[in-house]
Each structure stands twice: as structure tokens, then as C-alpha cells.
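Since the structure comes first, as C-alpha cells, the remarks are kept for the end.
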Amino acid sequence: MRRIDDDTSASQNQARSGSDQLPCAGKGPVLATAGPPHVAIIMDGNGRWASARKLPRLAGHRRGVDSVRAIVEACPDLGIEYLTLYAFSTENWKRPMTEVSGLMHLFRIYLQRESAQLNREGVRVRFIGDPMPLPPDIQRMMRSLEETTRHNVRLTVSIAINYGGRAEMVNATRRLAAKVAAGEMSPVDIDENALRRELFTEGLPDPDLIIRTSGEQRLSNFLLWQAAYSELVFAPELWPDFDREAFARSLARYDGRNRRYGAVAG
Ligand code: FPP
């Protein structure tokens, strides 16, 4: 078991909580094991959270932003260095127009209101996916936040917007084909590392753990290449209910896993 107080990378974080315990309402404090370096999350269940309260689906997405904030804040204390969040997939354009435009507006508000705070907290923000179909003002805000935070090292948050794992691989293949056509490389130079370098996630380590909330058990086109050896945890909580304690429970489930990467147990 890896505890946050014996982890070098965690101890290098600028703003540790000073405690290795997480408050767990009603159950007394629970020991916080350190998270793995890279956690990715499929934030699912906003619609069901809202329907259960007879609220419009957007109310669930709005509450989902509160969970985003709470989980981003929790990561450095847990020694997590990379957090990747699935905010909008290439398939989500099929939702009703009011929901799509409502989600775009939520991204806009999030970028306007939280950029300064993220920067103050030492968070580097990057976006993965194809930004071109997004409203131009949102694209500008995304570029500006990436630029402002590019030297931050406390936590890297990658937000997947208009992201699809298959589209990412098609895009990478096209870029490699263009290099071959231009005579910059030969087909025999195309190996896993060459392809990896053309992915939106270039420079990020593969996720150690992928959490999907709401009890659904599928990847939905998220990080298909990068998930090759990720551990998967399907958390029962709906995303708006996914707080620090729920996060700690998912991390504890990961902690019990034995990762072998195709080899035999040591
Ligand atoms: C999936 O739940 C959730 C989404 C498609 C949107 C996720 C967006 C947010 C959490 C808010 C904004 C995010 C950022 C990073 C600012 P669902 O709507 O499919 O839920 P359901 O399966 O219950 O219908």
C-alpha cells in the first residue's frame, strides 16, 4: 500500500494538506492512500441525477461542475499528478440542441470563472480533442488557459472536449501518412512511439486508472489507445454526487489491484 506520506512526488507538491487523512462523513477519518500518477474519469450520471429530482438535465451538468472543482482540488493532496476528464465526446453532438448549447455555455462559464483560480493553484490545463467545431470564443479561451498555465507543475488537468478515441487514432494516422507522403519518414519508421506522438495526449503518460461514475461499465470511446493497461473502476455514484470520499473509495479499489502488464505476478 502506497501512502501519501512516503511518496516522493506527493511530498514535492507545493500545497499539501498537512494530513494523510481524509474526512469521511459519519464514519470517522479514513486513511488516504496515495492515488496513482494519472487518473482519468468518465463523468457520467448528470442526467439521471437531475431526473431523480425532476430537474432539467442541465441542472445535473451544473452540479457536475461542482464535482469537477472538488476532484481537481483533491488531486494534489493525493499525490495525483495528472487528471484527465471526459467532458464532451464526439458523439455528444447527437444530444438535443438545447443540451449541447447549455453544455457549451457551462464550459464558457467554467473557463471564465475558474481560470485564474486554477492558475493560482499551480494547475496546468490542457485540452484534448478536436477544437475546430467548438464556438470560436470557447476555442480562444481554451488556447489562452493552456498558454497561461503551461509552466504549472502541481497538477496537469486534461479536459477532453469533442474528443473520441477512434477519431484521435484516425487523426494520428493521417498525420503519419502526410509525413510519409512528404518524404519525412518511411513506413518502417511507424511504430508505437511514432503513433503515440501524434495523439492528442502527446506528452502525457497513459492513465493508470480510469474511473467511470454512475455504475455504467464501458469506455465509450475514451482513451482507447492509452487505456491498454489501465485499471478500470466503475463507481456507483452519479457524477454530481462524486465527492472526495467517493474518490477515495475508488482509489482504494485501485490500490488492491495487481498490475502485471502482460507478465506474470512477481
Ligand atoms: C455525462 O452524463 C456527462 C456529460 C456528457 C457532460 C459532462 C460535463 C460536466 C461534468 C460539466 C462541465 C465539465 C467541465 C470540465 C467544466 P450524462 O448526461 O450522460 O448522464 P446520464 O447518463 O445520467 O444521462
Side-chain angles (χ1 to χ4, degrees), residues 39-75 80 82-119 121 123-129 131 133-135 137-139 141-146 149 155-165 167 200-201 210-223 234-244 246-247 250:
V39 177
I41 308 184
I42 302 174
M43 308 180 287
D44 196 11
N46 295 349
R48 274 164 284 167
W49 185 93
S51 303
R53 289 161 181 78
K54 301 197 175 4
L55 294 169
R57 291 177 57 81
L58 262 178
H61 296 313
R62 268 196 293 275
R63 281 298 287 262
V65 178
D66 297 338
S67 299
V68 169
R69 197 176 298 114
I71 298 309
V72 168
E73 280 174 12
C75 282
I80 293 166
Y82 300 90
L83 175 71
T84 299
L85 299 171
Y86 204 7
F88 193 88
S89 76
T90 45
E91 288 70 37
N92 286 153
W93 297 105
K94 295 181 208 152
R95 294 187 174 209
M97 211 177 69
T98 47
E99 184 170 346
V100 171
S101 56
L103 273 168
M104 291 300 145
H105 194 57
L106 266 188
F107 297 146
R108 187 176 282 120
I109 303 275
Y110 180 79
L111 291 167
Q112 275 165 355
R113 294 201 184 143
E114 317 234 350
S115 289
Q117 179 66 15
L118 288 163
N119 195 29
E121 286 171 4
V123 177
R124 177 179 185 178
V125 181
R126 55 186 279 183
F127 294 91
I128 58 172
L134 301 172
D137 66 317
I138 295 186
Q139 290 186 43
M141 284 189 252
M142 286 161 61
R143 279 197 299 272
S144 154
L145 185 56
E146 282 186 328
T149 62
L155 170 70
T156 297
V157 175
S158 304
I159 305 180
I161 301 188
N162 192 34
Y163 173 88
F200 295 128
T201 51
I210 298 179
I211 299 170
R212 182 177 188 136
T213 60
S214 89
E216 303 286 345
Q217 303 194 5
R218 56 183 172 270
L219 279 179
S220 299
N221 207 7
F222 188 45
L223 302 178
F234 299 107
E237 298 85 5
L238 303 175
W239 177 249
D241 295 326
F242 197 77
D243 54 13
R244 273 179 179 249
F247 194 27
S250 288

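Start at 1 and go down the list; that is how both ligands and their atoms are numbered. The model shown is predicted, which means the values in this text are computed figures rather than measured ones.
In this structure, the side chains of R212 and Q217 stay at 4.5 Å or more apart for every pair of heavy atoms. Between T149 and V123, the closest side-chain pair of non-hydrogen atoms is not below 4.5 Å. Side-chain contact between V65 and R69 is present, with at least one heavy-atom pair separated by less than 4.5 Å. Annotation: side chain of H61 is in contact with side chain of N46 (closest heavy-atom distance under 4.5 Å). The closest side-chain heavy-atom distance from P133 to N162 is below 4.5 Å.
A donor-acceptor pair under 3.5 Å links the side-chain atoms of Q139 to the main chain of L134, judged by distance alone. With hydrogens and angles ignored, the 3.5 Å screen pairs a side-chain donor or acceptor of T213 with a backbone N or O of D44. Distance alone, capped at 3.5 Å, places no donor-acceptor pair between the E121 side chain and the E73 backbone. Here the side chain of S67 pairs a donor or acceptor atom with the backbone of W239 at under 3.5 angstrom.
Of the protein's non-hydrogen atoms, the one nearest atom 13 (C) of ligand 1 is F107 CE2, 3.8 Å. Of the protein's heavy atoms, M43 O, 3.1 Å lies nearest to atom 3 (C) of ligand 1. Scanning the protein heavy atoms around atom 9 (C) of ligand 1, the nearest turns out to be N46 ND2, 3.8 Å. Nearest non-hydrogen protein atom to atom 7 (C) of ligand 1 is A87 O, 3.4 Å. Regarding atom 5 (C) of ligand 1, its nearest protein heavy-atom neighbour is N92 OD1, 3.6 Å.
Residue contact annotation: R95 has a non-hydrogen atom under 4.0 Å from ligand 1. Heavy atoms of L85 come nearer than 4.0 angstrom to ligand 1 in no pair at all. Using a 4.0 Å cutoff on heavy atoms, R57 counts as a contact of ligand 1.
Below 4.0 Å from some heavy atom of H61 lie the following atoms of ligand 1, by number and element: 4 (C), 6 (C), 11 (C), 18 (O). Counting the atoms of ligand 1 from 1 in the order shown, those under 4.0 Å from a heavy atom of V65 are 11 (C), 12 (C). Within ligand 1, counting atoms from 1 as listed, the ones closer than 4.0 Å to a heavy atom of Y110 are 16 (C). Atoms of ligand 1 lying under 4.0 Å from any heavy atom of R48, numbered from 1 in the order shown and given with element: 21 (P), 22 (O), 23 (O). Numbered from 1 in the order shown, with element, the atoms of ligand 1 that lie under 4.0 Å from a heavy atom of G47 read 17 (P), 18 (O), 20 (O), 21 (P), 23 (O), 24 (O).
In this structure F200 satisfies the ring pair (Phe, Tyr, Trp, His ring centres under 6.0 Å) test with no other residue, sequence neighbours excluded.
For F88, no heavy-atom contact with ligand 1 is shorter than 4.0 Å. When non-hydrogen atoms are compared, ligand 1 lies under 4.0 Å from the side chain of W239 (C-beta onward) but not from its backbone.
The aromatic rings of Y86 and F222 sit parallel, their planes meeting at an angle under 30°, below the 60° perpendicular limit.
In terms of polar-atom proximity, L106 is not counted as a contact of ligand 1, lacking any N or O under 3.5 Å from an N or O of the ligand.
With G45, A50, A160, G102 as candidates, the residue nearest to atom 2 (O) of ligand 1 on a non-hydrogen basis is G45.
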